[in-house]
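As the structure is a computational prediction, the values presented were derived from the model and not from experiment. Note on naming: letters A, B, ... go to the chains in the order of the sequence lines (proteins, then strands), and numbering restarts at 1 for each one.
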Amino acid sequence: MANEMPKAYEPRFVEDGLYQAWVDAGVFTPENLPNADQRTEAFTVVMPPPNVTGVLHLGHALENALMDSMIRYQRLLGKKALLIPGTDHAALPTQAKVEKMLMAEGMKNPRQELGREALVAKIRDFAEASKATILNQVKKMGTSADWSRLAYTFDEKRNVAVNELFTRMYNDGLIYRGFRVVNWSVKGQSTSSDDEIETIERPSVLYTFKYSKDFPIAISTTRPETKVGDTAVAVHPTDDRYKAFIGKTFEVEFAGSKLSIKVIASDEVDPSFGTGALGVTPAHSPIDFGMYEAQKAGQDPIEIIQVIGTDGKMTVEAGPMVAGQTVEEARATVVAWLSEQGLLQESKDIVQNVGTSDRYSDVIESIPMTQWWLDVNKEIPGKGKSLKDIMREAVTTGLEGKADQKVTITPERETKLYLDRVNNLRDWCLSRQMWWGHRIPAWHRTRTLPLTNGESARGSEAPRERRAEGVEIFVGTSAPEGEGWAQDEDTLDTWFSSGSWTFSTLGWPSSAEATDGKPSDLEQFHPTSWIQMGYEIRYLWLMRMILMSAYALNEIPFTDAYIHGLLKDKDGKKFSKSSGNNIDPIDVINEYGCDALRISVLSGNTPGNDSRYYTEKVEASRNLVNKLWNISRFIIGNAGGARHVESVTPKTLSDRWILARFSETAKKVGALIDRYDFSLAIEVLRDFTWNDFADWYLEIAKIEKGKDDVLLYILERLLILWHPFAPFVTEEIYKNFAADDKDMIIVAKWPVIEHELSSDDGSAFAHVQETVIAIRNYLSEHKVLPKDVESITVMNAGALESATEIISGLTKVKSVRSGNERPESITPIVVGSVQIFIQLPAVDAASEKARIESEIATTTKFIAAQESKLANTDFVARAPEKVIAGERQKLADLQERYAALKKEQEALVS
RNA sequence: GCGCGCAUAGCUCAGUUGGUUAGAGCGUCACAUUGACAUUGUGAAGGUCUGUGGUUCGAAUCCACAUGCGCGCACCA
């Protein structure tokens, strides 16, 4: 059996088979776990669903390594461990992708040419076809997810959840239809939410001008073309320059348009910026729209004129000079007109931040439209709180002050960022003019369209009022009785469905009640225990999950949220297709193995921080995996096969030492995973495995025989500690221990062992190690091979007396003995109080003298430092006793060493 | 403008609530090598912990300021 283990571990030949064996055993499903009924505590993780049309990248590799390590650890701890897998239909990005493909195939306008049904069908076909790809790649990562619970953000069950949520929120008055300025992507022909906008810097020109020669106030703008839609000029109420004009209306002829400009007062105007006066364009700026609303509320309304259409061109209302022109053309036209008229006072180059669509990359236009909104400030009926309030509660006091309903975010600083963001949250625009997504469960009797060019919104009759007239709206999954109802054309923001992910995947709303006397999934597994996600979606997703779950279930979605950073390349650059540094994790797996990839992405990765990925790191991890393999091969081979060893009784000092070290390691690794420090857990494991176990204990085992039981005992348990991080190699090696097919490491028990090391044993073993290292060091310095050393005599050996065989074996010096007779003419090396005489072929007396002297000098220096520390009365008075005792011991050790060195120096002189 | 993060060995990073002579991996140098492993072993070199000041018996760790790098948000008229 033993000799069947191949010389090197070849992951690519075993990984797929092992994964299939786990699937066949059904152990990814908590109900199928051994002793399922005794596993009372659930541990649930939902997978951030990868985009259905996506391809696995290194970010996914990190996420899967994180999730799967956690879930495997919890499973080993004996919990009902559930990792729910799924995919995301990713509404807008997916439709964009398919449209792009169709256009590449020669279609000019897929939406027009195919129509809604045919285009959606095409997208669905594409999504379904590529779904398998990403899911297979997730499996390649070794992710032990419960595939029987596989979910999709756009499947029937999730659609039920989305409709239910929407309807409840509508009935609670939180979702409303409102006419407001939205973020509009001309390229995408859709709205987007505030969170989906990326601001970029670009050079721009700030123009300062007057509307007409008679107009008393000059204004500044970077968007002269929108000024044909101005209906007011706002100034600060205390600004003495303009105070006198407040309330007055001026009729001007501006770039071919007749405008009535009213001077209004607003605190939002910064008197020191530009001319201190702001041209108000209610239709095309959120701030200005706010002023429009404020004026209306204050019974002093101003008009609103839409001058840019959804096609990104100037509307008829913009006036004959610019109508039909693109925004850029119109800008040039207006600027030219201004300078012709002598109205332009200044053109200044500035750097401007503009919002762009994070999916279409075009500059976002602000356009007024009637859309569906979620009100985050309104009181929820019966709760006395707004959505914002419960979002705050969730991370501070816990929902309704309940401590078990609190979300803890790692790293801690993310909590603060979250709260800042919640405080600044505005109403969320829910509707998208996309076809791929959950259609809004609302029905209209009269069709309502967003404003396009050609439609007039001019005049005192504001569009909202005009449109609301005669329009009937019904919200529900299917159309109500009666003629003429048509479903809303728009779809929901994709994050609306992702927001309900933690509970929609557990059957909400249908399985809210128990069935067959068994607790429902929702009861058993919600709130989920832990979730991980990248910081780039903490606002988009984390916040919305908290919002949705707190609203719908009165429960937090998860107890702990772990925010991770980005994986970057060796130079700290983002991985991307465009910069050509993209790495396919599948290639890495094929070359180095999945375990090596997992270890390398987890190592050096700390919460919330970016980390780097590079080949040397994977190589190092691959070597580590191979080391583990070879340790196992050696132990199992020597023992004539593997077997479970229930308990062991240590026979020697080294046995006691290694068992205690292992015990300590197991405890530490558990504690580190408990606080999500995966990187350090791996480091601790590596350190034990490679240094303590392989380099020391295994080498000692070659000298002191009869250690099979201890070796097998530790190996089996060490494999379990490694299993969360390196599932494949550990399962493959574990086959040697397994009694039958069902005996798998994936369902083993996390080792709890108590082997304490007495302080005597501890220092005795440390002494052995120091001695061995000192001898090796000495030989290396003197360029002498161990085999050329005739003998070593250890004087004052003390506890080392019984370790001469080990010292000889580990240093590879033939003869090591303890003795009390001082060998002639050899200068010893001093380890503590022990003197070690090494019989070398030839030694230079002068250099030996210098060596001893330099050691005395160093020791003297340390003694002096130590003494002065202990002479400090403040230190002795205030430091804890434990620290002082430690310092005293250190001084004593140094003095002992000093005495021994001094003796040698004298011997040398005489 | 407001806020956040980072700065430790040549490189990439640890360093748990302040307490030995600050660690690891990779890299470098020297040596070893026919049975667990060259995907190896042994040893070494390499750091005034960005700077200044402070708190403290004691600071890489806490505080303030400064410098550099990265990021977020807002304004962007």
Side-chain angles (χ1 to χ4, degrees), chain A residues 5 7-9 199 201 204 206 219-223 226-227 230 233-234 268-270 273-281 285 287-288 350-355 411 413-414 416-417 420-421 424 535 539 565 570 572 592 596 603-606 608-614 616-617 619-638 671-672 675 677 679-680 683 686-687 694-695 698-699 702 772-773 776-781 783-787 810-812 858 861-862 865-866 869 872-880 882-884 886-887 889-890 893:
Chain A
M5 277 182 81
K7 203 165 173 181
Y9 173 58
T199 42
E201 279 192 350
S204 181
L206 183 67
I219 58 161
S220 298
T221 184
T222 55
R223 304 278 316 260
T226 65
K227 299 289 105 182
D230 279 13
V233 162
E268 290 190 55
V269 177
D270 174 4
F273 186 94
T275 62
L278 154 69
V280 181
T281 323
S285 153
I287 298 279
D288 297 5
I350 60 162
V351 175
Q352 186 193 23
N353 293 326
V354 291
R413 63 172 185 270
E414 289 289 340
K416 220 183 145 251
L417 292 174
D420 284 351
R421 184 62 175 233
N424 293 320
Y535 59 62
Y539 301 131
K570 200 174 171 56
Y592 298 98
S603 304
N605 195 296
T606 47
N609 298 325
D610 295 344
S611 68
R612 299 186 193 202
Y613 172 93
Y614 41 91
E616 289 88 336
K617 217 163 154 183
E619 279 171 0
S621 307
R622 186 263 324 264
N623 295 354
L624 172 60
V625 169
N626 190 63
K627 187 77 184 179
L628 190 59
W629 176 264
N630 269 296
I631 289 169
S632 309
R633 193 162 81 97
F634 176 68
I635 294 172
I636 294 169
N638 277 351
L672 287 168
R675 51 171 239 242
D677 199 335
S679 179
L680 206 50
E683 199 180 311
R686 180 191 198 283
D687 189 50
D695 289 346
L698 244 49
E699 291 306 314
K702 292 176 186 169
V772 168
I773 289 167
R776 285 171 177 165
N777 187 345
Y778 182 84
L779 297 181
S780 170
E781 262 174 36
K783 305 226 181 291
V784 176
L785 295 181
K787 65 176 162 56
L810 293 181
T811 57
K812 301 207 162 61
T858 333
K861 216 170 68 191
F862 284 134
Q866 211 54 33
K869 194 181 245 178
N872 184 336
T873 48
D874 280 334
F875 172 68
V876 180
R878 298 185 197 210
K882 208 174 139 194
V883 174
I884 297 171
E887 297 297 327
Q889 182 59 45
K890 202 164 52 179
D893 291 348

Problem - Atom pair CZ (A/F273) and CG (A/L206), whose distance is rounded to the nearest 0.5 Å - result: 5.5 Å
Handout entry: d(CZ, A/R622; C1', B/rC26) in whole Å
Key = 13 Å
Exercise for the section: State whether A/K890 places a side-chain N or O below 4.0 Å from either non-bridging phosphate oxygen (OP1 or OP2) of B/rU21. Expected result: yes
Atom pairs under 3.5 Å, N or O on each side, protein against nucleotides 60-65 of chain B: can you list them with distances?
none

Practice task
Verify, without hydrogens or angle tests, whether A/K890 (side chain) and A/Q866 (backbone) share a donor-acceptor contact under 3.5 angstrom.
Solution key: no
Handout entry: Gap in Å between the two P atoms, one belonging to B/rU17 and one to B/rG1, rounded
Key = 33 Å
Problem - B/rC2 and B/rG19, which share atom name P, separated by this distance in whole Å - result: 35 Å
Handout entry: CE-CG distance between A/M5 and A/N630, expressed to the nearest 0.5 angstrom
Key = 8.0 Å
Exercise for the section: Could you check which nucleotide pairs with B/rG58 in any of the strands shown, counting Watson-Crick or G-U wobble with both distances under 3.5 Å? Expected result: none
Exercise for the section: Could you please name the partner base of B/rA9, counting Watson-Crick and G-U wobble pairs only when both distances are under 3.5 Å? Expected result: none
Practice task
Using the P atoms only, state how far B/rU50 lies from B/rA7, rounded to an integer number of Å.
Solution key: 8 Å
Problem - Whole angstrom value for the distance that separates P of B/rG5 from OH of A/Y535 - result: 14 Å
Practice task
Counting heavy atoms from C-beta on, name the nucleotide in B/rA14, B/rG19, B/rU16 closest to the side chain of A/F875.
Solution key: B/rG19
Practice task
Considering only atom C1', compute the distance from B/rU39 to B/rG25 and round it to an integer number of Å.
Solution key: 15 Å
Practice task
Quickly work out the A/E619 CD to B/rG27 P distance and round it to whole Å.
Solution key: 8 Å
Exercise for the section: Please determine if A/K702 forms a cation-pi arrangement with A/F634, meaning its NZ or CZ atom is less than 6.0 Å from the six-membered ring centre and no more than 45° off the ring axis. Expected result: yes
Problem - Paired nucleotide for B/rC4 [Watson-Crick or G-U wobble; both distances under 3.5 Å] - result: B/rG70
Practice task
Starting at atom OH of A/Y613, determine the distance to atom P of B/rG25, rounded to an integer number of angstrom.
Solution key: 20 Å
Exercise for the section: In sequence, state the C-alpha distance, the side-chain angles, and the governing distance for A/E683 and A/R686, and then conclude on salt bridge (charged side-chain N to carboxylate O under 4.0 Å, His left out). Expected result: CA-CA 5 Å; A/E683 199 180 311; A/R686 180 191 198 283; over 6 Å; no
Problem - A/N605-A/Y613 side chain donor-acceptor pair, cut-off 3.5 Å - result: no
Exercise for the section: Report which part of the nucleic acid A/G274 touches: base, sugar-phosphate, or nothing (heavy-atom distance under 4.0 Å, all strands). Expected result: nothing
Handout entry: Closest listed nucleotide, where the reference is the side chain of A/K416 and the choices are B/rC4, B/rU39, B/rA24
Key = B/rC4
Fill in the blank from the handout: So CD1 of A/I631 and CG of A/D695: to nearest 0.5 Å the spacing works out to 8.5 Å
Handout entry: B/rU21 - base-pair partner by Watson-Crick or wobble geometry, distances under 3.5 Å
Key = none
Exercise for the section: Spell out, as yes or no, whether a donor-acceptor pair under 3.5 Å connects the side chain of A/S285 to the backbone of A/D288. Expected result: yes
Exercise for the section: Provide the distance between the two P atoms, one in B/rG68 and one in B/rC31, to the nearest whole Å. Expected result: 46 Å
Practice task
For A/E414 and B/rC71, give me the distance from atom CD to atom P, rounded to whole Å.
Solution key: 16 Å
Practice task
Have a look at A/I219 and say if it touches a base, only the backbone sugar-phosphate, or nothing, with a 4.0 Å heavy-atom cut-off.
Solution key: nothing
Practice task
Name the nucleic acid region contacted by A/V269, choosing base, sugar-phosphate or nothing; use a 4.0 angstrom heavy-atom cut-off, strictly under.
Solution key: base
Handout entry: Toward the 5' end of RNA chain B, by each residue's nearest nucleotide, A/R413 or A/E887
Key = A/R413
Handout entry: Spatial distance of atom CG (A/D230) from atom OG1 (A/T221) [nearest 0.5 Å]
Key = 7.5 Å
Problem - Sugar-phosphate only, base, or nothing, as touched by A/K617 at under 4.0 Å among non-hydrogen atoms - result: nothing
Practice task
Look at A/K861 and B/rU21 and indicate whether a side-chain polar atom (N or O) is within less than 4.0 Å of OP1 or OP2.
Solution key: no
Where do N or O atoms of nucleotides 40-43 of chain B meet protein N or O atoms at under 3.5 Å, pair by pair?
residue : atom : partner : partner atom : Å
B/rU40  : OP1  : A/N623  : ND2          : 3.4
B/rU40  : O3'  : A/K627  : NZ           : 3.3
B/rG41  : OP1  : A/K627  : NZ           : 3.3
B/rG41  : OP1  : A/W690  : NE1          : 2.4
B/rU42  : O3'  : A/R776  : NH1          : 3.4
B/rG43  : OP1  : A/R776  : NH1          : 3.4
B/rG43  : O2'  : A/S780  : OG           : 3.4

Handout entry: N/O (side chain, A/R612) to phosphate O (OP1/OP2, B/rU12) under 4.0 Å
Key = yes
Handout entry: Integer angstrom distance from the C1' of B/rG23 to that of B/rG15
Key = 7 Å
Exercise for the section: Verify, without hydrogens or angle tests, whether A/R776 (side chain) and A/L810 (backbone) share a donor-acceptor contact under 3.5 angstrom. Expected result: yes
Practice task
Drop me the distance from A/S603's OG to A/L680's CG, to the nearest 0.5 angstrom.
Solution key: 10.5 Å
Between the protein and nucleotides 73-75 of chain B, which nitrogen or oxygen pairs come in under 3.5 angstrom?
residue : atom : partner : partner atom : Å
B/rA74  : N6   : A/N353  : ND2          : 3.3
B/rC75  : N4   : A/N353  : ND2          : 2.6

Practice task
Can you tell me, in whole Å, how much space there is between the P of B/rU61 and that of B/rU48?
Solution key: 16 Å
Completion exercise
Winner on side-chain proximity to A/F634, out of B/rG3, B/rA36, B/rG19, is B/rA36
Problem - Contact summary for A/G279 and A/K227, nearest pair of heavy atoms - result: O-NZ, 3.1 Å
Problem - CG-OH distance between A/D610 and A/Y535, expressed to the nearest 0.5 angstrom - result: 3.5 Å
Problem - Any A/R686 side-chain N or O less than 4.0 Å from OP1/OP2 of B/rA24 - result: no
Problem - Between B/rU21 (P) and A/Q889 (CD): distance, integer Å - result: 14 Å
Handout entry: Residue matched to B/rU42 through Watson-Crick or wobble contacts both under 3.5 angstrom
Key = B/rA30
Handout entry: Distance, rounded to the nearest Å, where A/L672 contributes CG and B/rU17 contributes P
Key = 13 Å
Completion exercise
Whole-Å distance, A/D687 CG to B/rG25 C1', equals 11 Å
Completion exercise
Paired to B/rG53 by Watson-Crick or G-U wobble criteria (both distances under 3.5 Å) is B/rC63
Handout entry: Under 3.5 Å donor-acceptor, A/K617 side chain and A/R612 backbone
Key = yes
Exercise for the section: Please state the C1' separation for the pair B/rG41 and B/rG35 - nearest whole angstrom. Expected result: 14 Å
Exercise for the section: Determine whether the side chains of A/N623 and A/E619 contain a donor N or O and an acceptor N or O closer than 3.5 Å. Expected result: no
Completion exercise
Judged by nearest nucleotide, the residue sitting upstream toward the 5' end of RNA chain B, A/N630 or A/N609, is A/N609
